[in-house]
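Written out below as structure tokens is the structure these notes cover.
Below, chain A is the first sequence line, B the second, and so on; all start at residue 1.
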There are 2 protein chains.
Amino acid sequence: MRKIAFRFGLLAIALMLLVELSKYSITTHSFTNEILAVAIASMFIGFGVLIGKLLNRQSTDEQIILNETKAQELEFSTRESEVFLEIVKGKSNKEIGESLFISESTVKTHVSNILSKLDAKRRTEAIKKAQAVGLI
Amino acid sequence: MRKIAFRFGLLAIALMLLVELSKYSITTHSFTNEILAVAIASMFIGFGVLIGKLLNRQSTDEQIILNETKAQELEFSTRESEVFLEIVKGKSNKEIGESLFISESTVKTHVSNILSKLDAKRRTEAIKKAQAVGLI
DNA sequence: TGCAGTATGGTACTTTAGTATGAGTGTTTT
DNA sequence: AAAACACTCATACTAAAGTACCATACTGCA
């Protein structure tokens, strides 16, 4: 987090220097406008990359949400999506049952269906495959 | 992937339109240069966000790599890091043993140590915690 | 009304996972 | 050399996870 803030600072400084340089170069013609434009554009692209990282960070740290479109493609039912979300959180079948107020038996049924829909043998493999297809 | 390419296209078109608009506005003075500059900068930031997404995608799809610094902080041994990498790939203890040419017993020993170092009860929980602290 | 889909749950069983403990073999450090 | 550490492996458990099969109940749709 501090690293990203630091990069933001560096970029801001570089950008200001470039702007100053462009003012200077207008009078001295030491650089072409094209080169300066490319440099400034690169700075803004850098800002975009950092902003994108910040946006990603929120979604991975706080709450995990399934990609609804992908869930539909995989024919996940509502309950299966809920159970899978708990799996990704690292919960056991028993804990999932307590969270969703259903028996461990029911959880096992859902898990079994989830695994076959994701073509996985284990829940860890299911997590990996879900990441690969963008479900999570 | 197609979605990202599509967004790139849209951004490129918007950018070209803005550039044309700026040429036009120089003669007509219908927009201030500041507004146009902000708009064009926004486009480049958008490009940056997309590029960042593409860069992230490669790292999650292809090969998973542990954050060496975090691994050291957690006092992971070399072998434990290797075993954990296989866990994240969704492999079973038996499969991990075959990959690393060690017995399933040894894998279990490593896994047990990994779990206690990550303060996790299950490998799924270990994966989740590893993501939370930035190990993966 | 009957069918399809979803959600629920149980039994019984097999397979993985995980723990605890002990032990042998190297390598590095004191 | 002895201690400390990492890696290896085994045995013997207990605990989860996962499969297969069956059954009930509710909802929406043809």
*Atom pair distance, as rounded to whole Å: CZ in B:Phe76 and C1' in D:dA6*: 15 Å
*asked:* Please report the distance, rounded to the nearest Å, between CD in A:Glu125 and C1' in C:dT16.
replied: 14 Å
*How close or far is atom P of D:dA16 from atom CZ of B:Arg123, stated in whole angstroms?*
15 Å
*In whole angstrom, give the distance that lies between atom NZ of A:Lys94 and atom P of C:dG18.*
17 Å
_B:Lys108 NZ - C:dT16 P separation (whole Å)_ = 11 Å
*Any side-chain donor paired with an acceptor under 3.5 Å for A:Ser103 and A:Thr106?*
yes
*Provide, to the nearest angstrom, the distance between the CG atom belonging to A:Asn113 and the C1' atom belonging to D:dA17.*
15 Å
*Which part of the nucleic acid does B:Thr109 contact within heavy-atom distance under 4.0 Å: base, sugar-phosphate only, or nothing?*
base
_Under 4.0 Å from OP1 or OP2 of D:dT8: is there any side-chain N or O of B:Thr106 that close?_
no
*Between C:dG5 and A:Ser77, is there an OP1 or OP2 to side-chain N/O distance shorter than 4.0 Å?*
no
*For B:Phe101 and for A:Thr124, find the nucleotide of DNA chain D with the closest heavy atom, then tell me which residue's nucleotide is more 5'.*
B:Phe101
*Can you figure out which of C:dA7, D:dT8, C:dG18 approaches the side chain of B:Ser112 most closely?*
C:dG18
*Options C:dT16, D:dG18, D:dT8, nucleotide nearest the side-chain atoms of A:Val111*: D:dG18
*When the distance from CZ of B:Arg122 to P of D:dG18 is rounded to whole Å, what number comes out?*
11 Å
*Between B:Asn93 and C:dA17, does any side-chain N or O lie under 4.0 Å from OP1 or OP2?*
yes
_Salt-bridge present (A:Glu125, A:Lys128; N to O < 4.0 Å)_ = no
*Going by atom types only, do A:Lys121 and B:Ser92 share a side-chain donor-acceptor pair under 3.5 Å?*
no
*Do you see a donor-acceptor pair shorter than 3.5 Å between the side chains of A:Arg123 and A:Asn93?*
yes
*salt_bridge(A:Glu80, A:Lys117) N-O dist < 4.0 Å*: yes
*Do any side-chain nitrogens or oxygens of A:Ser103 fall under 4.0 Å of OP1 or OP2 in C:dG10?*
yes
*Can you tell which of C:dT19, C:dA17, D:dT19 lies closest to the side chain of B:Ser92?*
C:dA17
*Distance, rounded to the nearest Å, where B:Lys117 contributes NZ and D:dC5 contributes C1'*: 10 Å
_Selected nucleotide, minimal atom distance to A:His110 side chain, candidates C:dT19, C:dT8, C:dG10_ = C:dT8
